[in-house]
Participant: 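The structure is given below, and queries will be raised subsequently.
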There are 2 protein chains.
Amino acid sequence: MTPRDPNPRVARRSKDDVVDAALDLLDRVGLPDLSMRRLAEELGVQPSALYWHVASKQELLASVSSRILAAVILRASDPDDLEGAAVTLGRRLRDRLLAHRDGAEVVSSSLALGLVPSPLHEALRHVDGSPAAAVVADAITHYVVGVTFHEQQRRAADAWGAAASEVAVTPESALRPADDGFEAAMALIAGGIAPWRADTERVPGA
Amino acid sequence: MTPRDPNPRVARRSKDDVVDAALDLLDRVGLPDLSMRRLAEELGVQPSALYWHVASKQELLASVSSRILAAVILRASDPDDLEGAAVTLGRRLRDRLLAHRDGAEVVSSSLALGLVPSPLHEALRHVDGSPAAAVVADAITHYVVGVTFHEQQRRAADAWGAAASEVAVTPESALRPADDGFEAAMALIAGGIAPWRADTERVPGA
DNA sequence: ACCTGAACACCGTTCAAGT
DNA sequence: ACCTGAACACCGTTCAAGT
């Protein structure tokens with residue numbers, strides 16, 4: 001008996017429904033095939049109808065990014081353990097990006113456009129208020145997003161066809177596959193925190 | 001009197017000319033407006049003519065990326081100074097990316113698609129053959145490309161109009177502007193090399 | 001060897017008008 | 001409040017045919 005919907009047979013969509021459908025379509029067809037027209041078709045609606053719910057495709061993808069990043073939070077954490085928190089969050093971010101097709105690319109551009117908050121920046125600010133937290137959040141976020149983007153593109157290329165083996169770059173000069181390098185890089189960055197602090201926070205005022 | 005061009009009045013283009021024009025157009029209009037049709041117009045040619053010189057737009061952008069990255073090399077370097085080489089190369093990469101409009105975005109996808117070699121990986125392999133070099137190259141490359149992409153997008157957004165100030169994310173939860181954070185992050189990552197080595201290269205065989 | 005002309009199968013977005 | 005219909009101004013790519 002809500003006054004909102006006088007005729008329940010007319011299926012009206014909310015913005016959440018549109019974002020749901022977009023994320024679902026992303027997982028099924030990938031970012032290159034995720035068009036407003038295709039999404040509209042999926043929802044049984046004209047393409048122009050989408051523009052009542054979202055201002056642009058970019059804004060829609062930003063909402064999709066928010067959904068993908070929603071689970072990247074720190075439940076409980078030792079304050080003072082910036083290293084531990086950074087590594088945990090880095091792994092969680094990677095997990096979330098890998099959970100959706102082309103997740104890294106979608107999130108990368110939303111982040112770059114400033115349409116979505118950086119989850120590591122927000123979380124690390126709570127465990128450590130020092131300037132170090134922001135620097136660490138930056139380093140880890142860019143590394144994880146970059147490496148996962150690289151990984152997912154490679155996966156898509158491999159899936160599409162191994163026929164491109166001649167144009168592709170030799171393995172030794174390409175960026176490394178992240179599978180084993182990921183933990184190493186995380187350890188490298190996290191391990192840099194202590195010496196960097198010793199160098200930087202030595203001088204309090206001037 | 002080269003047999004190649006019987007009539008000098010017919011301006012024939014080489015692939016290099018196409019890539020030149022693409023890089024020039026990129027700097028003038030930016031990646032979103034760099035279309036094959038627009039590029040063809042610039043060259044005084046039909047769009048289909050471009051496909052005699054390049055197989056696809058992606059391949060063209062990979063060639064553009066190669067040009068952008070060509071100057072990211074190490075002239076002379078202390079072997080054993082992985083830290084120093086990494087920081088120098090990171091700064092040089094950032095310089096090259098900033099030298100062209102949307103340089104980071106173009107390079108980012110060419111790198112992800114594996115259509116272009118990673119310059120840091122290649123250069124660092126020469127100063128240090130250990131596994132550390134690859135991990136460091138990965139960490140620095142992804143950080144620099146990511147942070148520069150972010151910076152250039154923000155610049156484009158600001159240039160287009162400050163009217164978007166309401167939709168934009170609050171400054172504190174956005175990724176930091178890289179201007180001062182860049183050197184800090186480079187120091188953080190480079191500073192992680194020594195402790196990481198102490199941890200990892202302790203065990204030689206098993 | 002290098003390019004034209006014409007087509008194919010798409011895009012994102014706007015906007016008056018409908019219910 | 002939510003959506004349709006129709007249009008605008010584009011895309012990347014292919015391919016027979018020309019010179």
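Here the structure is a predicted model, which is why all the values come from computation and not from measurement. Excluded from the calculations below are hydrogen atoms, water molecules and symmetry mates; all remaining heavy atoms, backbone and side chain alike, are included.
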Participant: Under the 3.5 angstrom rule, does the side chain of A:E83 hit a backbone N or O of A:I193 as a donor-acceptor pair?
Facilitator: no

Participant: With the side chain of A:P47 defined as its heavy atoms from C-beta on, choose the nearest nucleotide among C:dT13, C:dC2, D:dA1.
Facilitator: C:dT13

Participant: Expressed as a whole number of angstroms, how long is the span from A:W52:CH2 to C:dA16:P?
Facilitator: 18 Å

Participant: Are a donor atom and an acceptor atom from the side chains of A:D16 and A:S14 found within less than 3.5 Å of each other?
Facilitator: no

Participant: What's B:R37 touching, base or sugar-phosphate or nothing? Going by heavy atoms closer than 4.0 Å.
Facilitator: base

Participant: Does the structure show a Watson-Crick or G-U wobble partner for C:dT14, both distances under 3.5 Å? Name it, or say none.
Facilitator: D:dA6

Participant: Round to the nearest Å and state the distance from B:Y51 atom OH to D:dA17 atom C1'.
Facilitator: 19 Å

Participant: Do B:D78 side-chain atoms and B:D81 backbone N/O form a donor-acceptor pair below 3.5 Å?
Facilitator: no

Participant: Side-chain N or O of B:R12 less than 4.0 angstrom from OP1 or OP2 on C:dA1?
Facilitator: no

Participant: Picking from C:dC11, C:dT13, D:dG12, which would you name as closest to the side chain of A:S35?
Facilitator: C:dC11

Participant: Considering every strand and a 4.0 Å limit on heavy-atom distances, what is the contact class for A:S48: base, sugar-phosphate, or nothing?
Facilitator: base

Participant: Between A:Q46 (CD) and D:dG5 (P), how many Å, whole number?
Facilitator: 5 Å

Participant: Could you state the atom-to-atom distance from CG of B:L60 to C1' of D:dT13 in whole Å?
Facilitator: 14 Å

Participant: Once you round it to whole Å, what is the distance between P of D:dG12 and CD of B:E41?
Facilitator: 13 Å

Participant: Does A:R67 form a salt bridge (charged side-chain N to carboxylate O under 4.0 Å, His left out) with A:D20? I'd like the steps, not just the answer.
Facilitator: CA-CA 9 Å; A:R67 275 262 223 302; A:D20 280 345; 2.4 Å; yes

Participant: Expressed in whole Å, how much space separates the P atoms belonging to D:dA9 and C:dA9?
Facilitator: 24 Å

Participant: Starting from P on C:dC10, measure out to CG on A:D33 and report it in whole angstrom.
Facilitator: 10 Å

Participant: D:dC3, OP1 or OP2 - any side-chain N/O from A:H53 closer than 4.0 Å?
Facilitator: yes

Participant: Under 4.0 Å between a side-chain nitrogen and a carboxylate oxygen: does that hold for A:K15 and A:E59?
Facilitator: yes

Participant: Should D:dA1 form a Watson-Crick or G-U wobble pair with both distances under 3.5 Å, which nucleotide is its partner?
Facilitator: C:dT19

Participant: What's the CG-C1' distance between A:L50 and C:dG12, to the nearest Å?
Facilitator: 11 Å

Participant: Can you check the A:L31 CG to C:dC11 P distance for me, whole Å?
Facilitator: 13 Å

Participant: If you check the A:V45 side chain, which of D:dT13, D:dT4, C:dT4 turns out closest?
Facilitator: D:dT4

